[in-house]
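I have placed the structure first, in the form of structure tokens, so that the comments after it can refer back to it.
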2 protein chains.
Amino acid sequence: MTPARGPASKPDDSQRKRRPQARALATRDQIVSTAIVCFSNLGFEGATTRWIAEQAGVNQGLITHHFKNKEELWKAAVDRLFANFRNDFAARMEAWQDADRATRVRLIIRHFVRYASEHPEQLRFMMQEGLNSGPRMQWLVENHLSAHYPQFQAMLRDARAENMLIEGDDVHIFYAFVGAASTIFALSAECEHLTGLDPATEKSIEAHAKLVEAMLLVTP
Amino acid sequence: MTPARGPASKPDDSQRKRRPQARALATRDQIVSTAIVCFSNLGFEGATTRWIAEQAGVNQGLITHHFKNKEELWKAAVDRLFANFRNDFAARMEAWQDADRATRVRLIIRHFVRYASEHPEQLRFMMQEGLNSGPRMQWLVENHLSAHYPQFQAMLRDARAENMLIEGDDVHIFYAFVGAASTIFALSAECEHLTGLDPATEKSIEAHAKLVEAMLLVTP
DNA sequence: GTCTATATTATGATAGAC
DNA sequence: GTCTATCATAATATAGAC
């Protein structure tokens with residue numbers, strides 16, 4: 001397949017270095033992307049390495065080579081997932097730095113709903129693991145969730161300073177907010193079967209964001 | 001183990017009928033109860049029939065005998081789960097039939113939160129299956145969920161008639177409500193790891209019920 | 001109905017050629 | 001780094017004694 005590279009029996013390293021590495025990284029990338037979808041839809045046990053490899057269009061042996069085992073692949077998938085989340089919100093917060101505090105609170109709430117609609121795999125992932133209390137859930141909390149919760153609390157502090165937040169303590173508001181914002185998108189297939197509504201349409205996302213905002217914030 | 005029943009080599013049916021049947025029903029019951037916990041915690045693929053049999057204290061072969069296969073056991077577990085839910089709410093609705101409409105709406109909302117806290121397995125079960133769109137999810141919607149959704153809509157109708165409901169359409173309010181009410185209990189292990197709060201305490205349940213009620217109903 | 005033993009399959013992981 | 005072939009294991013389902 002690859003074009004002949006002349007009579008040299010052992011190719012020198014300078015030629016061989018870049019290209020294979022780039023391809024290897026692409027392979028790794030492709031496996032992680034596919035793993036995110038598989039794990040979030042089927043759970044850790046439900047997703048098989050064979051199926052992930054097949055969907056990714058790579059050989060099953062490569063999963064072992066790049067990630068050692070299924071558990072490490074799962075961690076790589078989670079890392080990618082939260083890196084995307086962090087990058088997205090970091091960019092937004094920078095864009096909103098000039099807005100006043102009350103407006104920023106509303107923007108964050110609405111954007112979280114929008115992010116949930118665009119990344120239902122993130123929410124499914126969290127629920128797949130959060131439902132039982134195994135070691136993977138613990139790893140997830142310690143390595144990722146625990147860093148995000150204080151950011152959420154900071155938002156609540158701002159909202160309270162503006163007298164716009166519903167009464168309740170942080171923990172209850174956190175889970176009520178996350179649940180209200182994300183469940184419809186995490187269960188989008190069920191929603192469509194049950195009610196006929198596809199929650200992923202622009203109109204539906206906007207309606208849900210408006211509802212969640214109204215649920216959390218008191219009318220002035 | 002069983003006391004000798006005399007010299008009769010073939011026991012007559014009248015004596016043999018009741019006792020073994022009662023024991024068989026108890027076995028069936030025990031398997032279903034255990035299956036509910038296992039399936040809701042680990043998901044369909046994660047829960048193994050071996051583990052369920054072991055936890056239930058019965059032989060693995062009995063699962064096949066009573067339920068034919070894993071799928072049928074799962075359906076039996078769902079049927080039991082929703083039967084409990086229906087019975088519980090039917091009893092409540094009867095007890096509240098004399099209350100005025102506005103009070104009944106508040107009672108239903110609060111009781112749903114309380115039920116969620118007392119039966120986190122129900123919510124975990126729904127989420128385990130609702131996250132992917134396989135045939136089990138379809139079965140669940142058609143055989144159980146589709147019967148409950150109109151009841152929820154009836155409650156919304158009452159609430160709107162009393163001008164106490166937040167603005168939004170039925171589908172969005174439904175999933176926002178279910179998510180806000182149940183997520184904290186479905187993810188109780190995660191919640192405790194992340195925040196230190198055990199959501200299953202009486203104080204916490206009451207606080208969450210109050211919050212969810214405030215999120216759904218407008219202040220008069 | 002209950003149990004023991006086993007057949008069959010499918011999964012995660014590995015070995016080794018290229 | 002990539003691929004094929006294979007091992008070891010664990011799961012569902014079955015067969016048949018009691």
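Hydrogens, waters and symmetry mates play no part in the numbers below; they use all other heavy atoms, side chains included. Proteins come first, then strands; the chains are lettered A, B, ... in the order of their sequence lines, and each starts at number 1.
When the P atom of C:dA13 is taken as reference, atom CD of A:Gln60 falls 9 Å away, rounded to whole Å. Put simply, CD1 on B:Ile63 is 14 Å from P on D:dT14, counting in whole angstrom units. Summarising the geometry, the separation between CD1 on A:Ile52 and C1' on C:dG12 is reported as 11 Å, rounded to the nearest angstrom. Following rounding to the nearest Å, A:Leu25 (CG) and D:dT2 (C1') show an atom-to-atom distance of 15 Å. In this structure, A:Lys70 atom NZ and C:dG12 atom P are separated by 4 Å, rounded to whole Å. The distance from atom CD of A:Gln30 to atom P of D:dT2 is 12 Å, rounded to the nearest whole Å. Between the CZ atom of A:Arg50 and the P atom of D:dC7 there is a distance of 13 Å, given to the nearest Å. Rounded to an integer number of Å, the gap from B:Glu45 CD to C:dA10 P is 14 Å.
Inspection of the A:His65 and A:Asn59 side chains reveals no N or O donor paired with an N or O acceptor under 3.5 Å. A donor-acceptor contact closer than 3.5 angstrom is absent between the side chains of A:Asp88 and A:His119.
Distances were taken from every side-chain heavy atom of B:Leu62 (C-beta onward) to each of C:dA13, C:dC3, D:dA13; the shortest belongs to C:dC3. The side chain of A:Asn59 lies closest to D:dT4, out of C:dG12, D:dT4, D:dA11. Residue A:Thr48 places its side chain closer to C:dG12 than to any other of C:dG12, D:dG1, C:dT2.
For D:dT2, the OP1/OP2 oxygens have a side-chain nitrogen or oxygen of A:His66 closer than 4.0 Å. At the phosphate of D:dA13, neither OP1 nor OP2 sits under 4.0 Å from any side-chain N or O atom of B:Thr64. One finds no side-chain N or O of A:Thr27 lying less than 4.0 angstrom from the OP1 or OP2 phosphate oxygen of D:dG1.
B:Ala26 comes within 4.0 angstrom of no nucleic acid atom, judged by non-hydrogen atoms across all strands. Contact annotation for B:Ala53: no contact, since no heavy-atom pair falls under 4.0 Å across all strands.
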Table please: side-chain donor-acceptor pairs of residues 190-200 of chain A below 3.5 Å, with sequence neighbours left out.
| residue | atom | partner | partner atom | Å |
| --- | --- | --- | --- | --- |
| A:Glu190 | OE2 | B:Tyr175 | OH | 2.8 |
| A:His193 | ND1 | A:Ala189 | O | 3.4 |
| A:Thr195 | OG1 | A:Cys191 | O | 2.8 |
| A:Thr195 | OG1 | A:Leu197 | N | 3.1 |
| A:Asp198 | OD1 | A:Ala200 | N | 3.0 |

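The shortest heavy-atom contact between A:Thr49 and A:Lys70 is CG2-CG, 4.0 Å.
The aromatic ring centres of B:His148 and B:Phe85 sit less than 6.0 Å apart.
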